[in-house]
Amino acid sequence: MFVIGAGSGGVRCARVAAQLGARVGIVERSHWGGTCVNLGCVPKKLMFYAAETGRAIADGPSYGWNVPLPEFDWPHFQKGKDAEITRLDGIYVSMLQKAGVTLFEGEAQLQGAQTIEIGPSALDPTRKPQRIRARHIVLATGSTPTRIDFPGSELCITSDQVFHLQAQPRRLAVIGGGYIGVEFSGAFRGFGSEVAISYRSAHVLRHFDDELRLRLEELMDLAGIHRHPHTLPRSLERMPDGLRLTLDDGTELAADQVIMAVGRHPAIAGLGLEKAGVRTEKGRVLVNSAFETNVPGIYAIGDISDKYNLTPTAIAEGQLLAERLYAPQGRYWDFNQVPRAVFYASPLATVGLSEQEAAVDHDLLIYTSSFTPMRQVMPHRPGKAFMKLVVDEKSDVILGAHMIGPEAADIIQIMAVAVVNGLTKTQLDHTLALHPTTAEEFVTMRTPTRRVAKGTVEALG
């Protein structure tokens with residue numbers, strides 16, 4: 001087996017295949033560990049913790065800790081973040097080597113159904129081209145930031161550059177209301193930056209529960225983030241004191257940096273897919289349920305197929321593919337019920353169907369709870385937590401669980417066990433609460449807030 005791309009999915013696939021006895025090689029062109037470790041999940045979560053620490057210090061006096069709020073030191077944070085990423089990169093390399101995987105550095109390109117050519121890369125610019133043949137080739141090159149074109153758009157940075165900024169932008173404009181835009185907005189606002197966010201739809205975070213999205217926007221407003229829905233960028237100009245972003249409604253935003261966060265797309269450029277005859281559609285590699293492309297012996301996992309675009313799903317696909325090829329285990333994951341989280345200042349997490357999705361085929365009972373988290377009571381910090389259960393009225397099965405508030409991601413991870421395994425609301429009610437916690441709300445919501453049946457909504461309680 002030869003794997004192109006040493007991100008989360010590629011590393012898992014290569015390591016498991018080698019442990020199962022296969023002779024395996026893997027090539028990476030820039031970052032061992034891929035986007036998640038170097039330019040995504042890990043550094044953005046560290047940013048989240050950094051901003052959260054600032055809020056905790058600000059709350060300190062209300063709990064008797066009379067400490068002044070220090071100024072955020074961006075270069076110091078960058079140094080610590082880079083050290084942690086370097087450590088993690090080393091762990092990925094060590095895991096592969098211990099499993100017996102042969103490592104290559106360079107740009108890989110398919111030359112046919114079983115042939116790869118490896119050229120120079122940023123990691124090794126002096127490498128001479130090298131050809132390798134493999135029975136099984138796995139494409140795991142992930143995704144790359146999408147850019148849209150408008151006058152001055154070249155002045156924008158993407159998420160790839162954010163983590164390497166030399167100075168914290170005191171004024172930040174964000175284009176895009178998805179995961180990346182929302183998370184960066186919350187982190188930099190937590191650092192003290194002035195933040196404005198522009199997005200083309202009515203609300204942030206498409207594909208999330210509508211009620212959850214509205215709650216998030218309320219928290220963004222409380223934090224002083226300036227939202228500009230229904231807008232697109234018209235132009236970006238360099239000014240004597242920074243940048244000026246003009247939106248299509250005429251709004252002008254002054255900024256030190258403008259982040260283009262309009263999504264990501266599969267990283268297939270330069271892979272030589274056409275030489276091997278690998279079929280693509282709308283910029284993604286087409287695969288079947290076994291991760292096979294149309295070319296026998298060539299497979300694709302992770303973001304390159306543009307299905308789930310999450311680290312855990314890429315890892316699961318890599319594991320399943322390696323086991324299927326070398327030692328079938330009968331392992332199973334439910335890819336239809338994937339928990340998701342957005343690490344805004346008040347994290348948002350969800351699993352299962354949203355209310356609007358579930359209402360298409362089910363009559364529903366909706367349970368909700370909104371309250372001020374205990375940690376915010378003494379500091380009088382505004383903003384409520386919100387929790388929601390979507391339940392099928394006929395079967396009592398929990399179809400979806402949604403939350404915004406402290407520890408939302410960790411709580412929804414556990415709630416995913418209930419949703420994925422089809423537990424009922426009654427079974428949840430049989431569980432005693434662990435008090436005082438935020439999570440206990442999910443087992444103490446006894447009275448439904450409303451009934452949604454046949455397209456109509458009936459308020460209850």
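Residue numbers count from 1 along this sequence. Hydrogens, waters and symmetry mates play no part in the numbers below; they use all other heavy atoms, side chains included.
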### Message
For a 4.5 angstrom cut-off between non-hydrogen side-chain atoms, does I4 reach L271?
### Response
yes
### Message
Can you tell whether the side chains of E218 and R227 come within less than 4.0 Å, N to carboxylate O?
### Response
no
#### Entry: Donor-acceptor pair between S143 and H265 side chains, under 3.5 angstrom
no
### Message
Between S305 and I301 (side chain of the first, backbone of the second, donor and acceptor by atom type, cut-off under 3.5 Å), is there such a pair?
### Response
no
### Query
In terms of ring plane angle, is the pair F77 and F191 parallel, tilted or perpendicular, where the classes change at 30° and 60°?
tilted
### Message
Could you check whether E84 pairs with K81 (Lys NZ or Arg NE/NH1/NH2 to Asp/Glu carboxylate O, under 4.0 Å)?
### Response
no
### Query
Looking at side-chain heavy atoms only, is the closest gap between M374 and Q376 below 4.5 Å?
no
### Query
At their closest point, which heavy atom of C41 faces which heavy atom of C36, and how far apart are they?
SG-SG, 2.7 Å
### Message
Contact between L432 and V443 at the side-chain level, heavy atoms closer than 4.5 Å - yes or no?
### Response
no
### Summary
The reported gap from NE2 in H207 to OH in Y179 (rounded to nearest 0.5 angstrom) is 9.5 Å
### Query
Taking all non-hydrogen atoms of both residues, which atom of G318 and which atom of R12 are closest, and how far apart?
C-CG, 4.4 Å
### Message
Any non-hydrogen side-chain atom of L428 less than 4.5 Å from a side-chain atom of L389?
### Response
yes
### Query
Less than 6.0 Å separating the ring centroids of Y49 and F343?
no
### Query
Hey, is the main chain of T426 close enough, under 3.5 Å, to the side chain of D396 for a donor-acceptor pair?
yes
### Task
Report yes if the side chains of R375 and D59 come closer than 4.5 Å at any heavy-atom pair, otherwise no.
no
### Query
More than 12 non-hydrogen atoms from neighbouring residues, nucleotides or ligands closer than 6.0 Å to CZ on R200, yes or no?
no
### Query
Under 6.0 Å between the ring centres of H136 and Y299?
yes
### Query
Closest heavy-atom contact between P169 and F188?
CD-CE2, 3.7 Å
### Query
Between F2 and R135, is a side chain to side chain contact (heavy atoms under 4.5 Å, CB included) present by the stated rule, with each step listed?
CA-CA 8 Å; F2 195 85; R135 179 178 300 173; over 6 Å; no
### Message
If I take atom CG from residue L245 and atom CZ from residue R171, how far apart are they, to the nearest 0.5 angstrom?
### Response
12.0 Å
### Query
Between E441 and M387, what is the shortest heavy-atom contact and its length?
CB-SD, 3.3 Å
### S193 side-chain N/O to V195 backbone N/O, donor-acceptor pair under 3.5 Å
no
### Task
Output yes when a side-chain donor or acceptor of E28 lies under 3.5 Å from a complementary backbone atom of H31, and no otherwise.
yes
### Message
For the NZ atom of K307 and the OG1 atom of T313, what is their distance to the nearest 0.5 Å?
### Response
10.5 Å
### Message
For K388, is there an ion pair with E355 - N to carboxylate O distance below 4.0 angstrom?
### Response
yes
### Query
Can you name the one residue among L205, T350, V351, I412 that meets side chain to side chain contact (heavy atoms under 4.5 Å, CB included) with R340?
T350
### Message
Is it true that S354 and E357 share a donor-acceptor pair across their side chains at a distance under 3.5 Å?
### Response
yes
### Message
Run the side chain to side chain contact (heavy atoms under 4.5 Å, CB included) test on L216 and V182 for me, step by step, so that the C-alpha distance in whole Å, both residues' side-chain angles and the decisive distance to 0.1 Å come before the verdict.
### Response
CA-CA 10 Å; L216 172 60; V182 167; 4.0 Å; yes
### Message
Could you check whether any side-chain N or O of D392 sits under 3.5 Å from a backbone N or O of L364, counting only pairs where one atom can act as donor and the other as acceptor?
### Response
no
### Message
When you measure from the side chain of R189 to the backbone of A223, do you find a donor-acceptor pair of N or O atoms at a distance under 3.5 Å?
### Response
yes
### Message
Main chain of R29, side chain of E105: is a donor-acceptor contact present, judged purely on distance under 3.5 Å?
### Response
no
#### Entry: From CZ (F184) to OG (S159), nearest 0.5 Å
5.5 Å
### Test: K425 and D429 ion pair at under 4.0 Å
yes
### Main-chain N/O of L353 paired to H402 side chain as donor or acceptor, under 3.5 Å
yes
### Query
Is a salt bridge present between E292 and R324, judged by a nitrogen-to-oxygen distance below 4.0 Å?
yes
### Pairs where residues 330-339 contributes a residue and the test salt bridge (charged side-chain N to carboxylate O under 4.0 Å, His left out) is met, not counting sequence neighbours
E323-R331
### Message
Looking at R23, I'd like to know if its CZ atom is crowded, meaning that more than 12 non-hydrogen atoms belonging to other residues, nucleotides or ligands lie closer than 6.0 Å.
### Response
no
#### Entry: Expected output: side-chain T115 to main-chain G112 donor-acceptor under 3.5 Å
no
### Task
Take E317 and Q319, measure what side chain to side chain donor-acceptor pair (under 3.5 Å) needs, and give me the verdict at the end.
CA-CA 5 Å; E317 289 177 354; Q319 177 106 23; over 6 Å; no
### Task
To the nearest 0.5 Å, tell me how far S94 OG sits from L88 CG.
12.5 Å
### Sub-4.5 Å side-chain heavy-atom contact between I175 and I259
no
### Query
Are P43 and I85 close enough that some pair of their side-chain heavy atoms sits under 4.5 Å apart?
yes
### Message
Give me the atom names and distance for the closest heavy-atom approach of S370 to R215.
### Response
OG-NH1, 2.9 Å
### Query
Testing T141, I132, I118 for side chain to side chain contact (heavy atoms under 4.5 Å, CB included) with V27, which one passes?
I118
#### Entry: Check: F371 ring centre within less than 6.0 Å of F386 ring centre
no
#### Entry: N294 side chain vs V278 backbone, donor-acceptor pair below 3.5 Å
no
### Task
Output yes when R264 and D303 qualify as a salt bridge under the 4.0 Å nitrogen-oxygen rule, no when they do not.
no
### Message
Quick check: closest heavy atoms across I298 and L110, and the distance to 0.1 Å?
### Response
CD1-CD1, 4.3 Å
### Message
Before you tell me yes or no, could you show the steps for L273 and L139 under side chain to side chain contact (heavy atoms under 4.5 Å, CB included), namely the whole-Å CA-CA distance, both residues' side-chain angles and the distance that decides it to 0.1 Å?
### Response
CA-CA 10 Å; L273 300 179; L139 308 176; 3.7 Å; yes
### Task
Compare all side-chain heavy atoms of I411 with those of T438 and state whether any distance is below 4.5 angstrom.
yes
### Message
Is it the case that the side chains of E107 and Q109 hold a donor-acceptor pair, with the cut-off being a distance below 3.5 Å and no angle test?
### Response
no
#### Entry: Derivation of the side chain to side chain contact (heavy atoms under 4.5 Å, CB included) call for L165 and I157
CA-CA 10 Å; L165 290 174; I157 62 173; 4.0 Å; yes
### Over 12 foreign heavy atoms within 6.0 Å of CD, E154
yes
### Message
Let me confirm one number: the CG-CG distance from L243 to L236, rounded to the nearest 0.5 Å.
### Response
5.0 Å
